[in-house]
Amino acid sequence: MKLEIFDNYEGLSLRAAKEIIGAIQRKPSAVFCLATGDSPKRTYELLTNEVTQSGVDFSKAHFIGLDEWVGIPPSNPGSCHYYLDTNVFRPLGISAARIHLFDALSKDLPNECQSMDETIRRLGGIDLMLVGIGMNGHVGFNEPGVSPNLYSHVIHLDEMTQNVGQKYFNGAVVLKQGITLGLKHFLETKLVLLVANGEKKAAIIKRSLEENISENLPATFIRKHANSKVFIDSAAASKLIKAR
Ligand code: PGA
């Protein structure tokens, strides 16, 4: 794991956008898995600007969904589907055939998980995964206590995730379950980027980077990954022993 600390959110977002562009330049048919949430928002804006200006070509790339709120339709602005359409797929002009997201309305969620795992296998694995970190140390919807041996699965959402998740929605919603790629996908991905910014992430960043690697804190697995990079701003780094 490589840790890079930036003065501000803009700096880390620029760095993450450059990593994504580097990946597509190395491999035009790269398979990406890009998280939703507030943390990577600026990365996607910068990526879109760069693609518009320089004409980097994403037309051969594939995009895998990291997770989704079970029972929330893609038309809901709080869904991961809606977020990715708005912030990534439409601005980059990605065709539907190259987008592989969970159907969180499916009556057969285990089958959704199985077909996602098959898609990832068929595409030769994920080249680059960009994740945020939950206030409870989750990655995707791999909540504290999750087995690191799982591929895609449906999971009961931690109370903190149910509460914090309300920020993405216009009005209160019931968020009980998530469908997510597993830590096994995370560990098998060729390059994982984790981004976090702001004072509110300082405590969980400290725990994730300094406590023992454990399924009780899924983000600690970033340190087990053979090729991972953590980009944080100085506020998120403010509680780290070495950064002081
Ligand atoms: P955030 O979410 O980027 O909106 O803080 C991160 C996460 O829950 O993984």
Side-chain angles (χ1 to χ4, degrees), residues 6 8-13 15-17 19-20 32-47 64-70 72 76-84 86-88 101-102 104 126 128-146 152-153 155-170 173 175-183 185-186 189 192-209 215-222 225 228-233 235-239:
F6 297 83
N8 51 40
Y9 180 51
E10 189 70 10
L12 79 86
S13 303
R15 183 77 178 83
E19 284 285 345
I20 296 172
F32 293 94
C33 174
L34 302 180
T36 60
D38 293 333
S39 312
K41 250 202 170 134
R42 184 66 183 144
T43 298
Y44 301 147
E45 279 172 13
L46 292 166
L47 177 66
I64 300 291
L66 176 62
D67 51 11
E68 187 57 277
W69 309 99
V70 167
I72 301 292
N76 187 320
S79 70
C80 300
H81 198 130
Y82 189 100
Y83 175 107
L84 289 169
T86 310
N87 294 289
V88 181
L101 303 182
F102 288 114
I126 300 168
L128 185 152
M129 183 185 283
L130 170 62
V131 296
I133 179 171
M135 295 295 287
N136 63 353
H138 75 197
V139 171
F141 283 143
N142 289 284
E143 301 285 16
V146 73
S152 300
H153 58 280
I155 190 164
H156 179 76
L157 296 172
D158 195 64
E159 206 165 314
M160 194 185 284
T161 301
Q162 296 185 26
N163 294 331
V164 173
Q166 300 294 328
K167 72 175 173 170
Y168 304 119
F169 295 88
N170 306 317
V173 275
L175 304 171
K176 287 280 180 223
Q177 282 189 310
I179 183 166
T180 183
L181 299 191
L183 287 177
H185 287 123
F186 175 86
T189 293
V192 171
L193 310 178
L194 187 150
V195 294
N197 62 289
E199 174 101 49
K200 68 175 190 297
K201 291 286 170 75
I204 197 64
I205 283 290
K206 176 182 173 61
R207 289 189 58 209
S208 301
L209 299 188
E215 55 202 53
N216 293 325
L217 197 43
T220 54
F221 279 86
I222 192 82
H225 195 285
S228 63
K229 299 182 183 180
V230 175
F231 300 151
I232 56 179
D233 67 358
S238 60
K239 289 192 161 66

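Numbering starts at 1 and runs along the sequence shown. The basis for the numbers below is simple: all heavy atoms, side chains too, and nothing from hydrogens, waters or symmetry mates. Both counts, for ligands and for their atoms, begin at 1 and track the order of listing.
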For this session: Under the side chain to side chain contact (heavy atoms under 4.5 Å, CB included) rule, what do Lys201 and Ile232 come out as? Steps first, then yes or no, please.
Result: CA-CA 9 Å; Lys201 291 286 170 75; Ile232 56 179; over 6 Å; no
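Relative ring orientation between Phe6 and Phe231 is described as perpendicular, the plane-to-plane angle rising above 60° on a 0-90° scale split at 30° and 60°.
Under the side chain to side chain contact (heavy atoms under 4.5 Å, CB included) criterion, Val164 pairs with Met135, Met160, Lys167, sequence neighbours left out.
Taking NE2 of His225 as the reference point, atom CG of Leu193 lies at 9.5 Å (rounded to 0.5 Å).
Under a 4.0 Å N-O distance rule, the pair Arg15/Glu19 qualifies as a salt bridge.
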If you look at each N/O of ligand 1, which protein N/O atoms lie under 3.5 Å away, and at what distance?
from: ligand 1; atom 1: 2 (O); to: Tyr168; atom 2: OH; distance (Å): 3.0
from: ligand 1; atom 1: 3 (O); to: Asp38; atom 2: N; distance (Å): 3.2
from: ligand 1; atom 1: 3 (O); to: Ser39; atom 2: N; distance (Å): 2.8
from: ligand 1; atom 1: 3 (O); to: Ser39; atom 2: OG; distance (Å): 2.5
from: ligand 1; atom 1: 4 (O); to: Asp38; atom 2: N; distance (Å): 2.8
from: ligand 1; atom 1: 4 (O); to: Lys167; atom 2: NZ; distance (Å): 2.8
from: ligand 1; atom 1: 4 (O); to: Tyr168; atom 2: OH; distance (Å): 2.5
from: ligand 1; atom 1: 5 (O); to: Lys167; atom 2: NZ; distance (Å): 3.4
from: ligand 1; atom 1: 5 (O); to: Lys201; atom 2: NZ; distance (Å): 2.6
from: ligand 1; atom 1: 8 (O); to: His138; atom 2: NE2; distance (Å): 2.7
from: ligand 1; atom 1: 9 (O); to: His138; atom 2: NE2; distance (Å): 3.3

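Between the side chains of Glu143 and His138, at least one donor-acceptor pair of N or O atoms lies under 3.5 Å.
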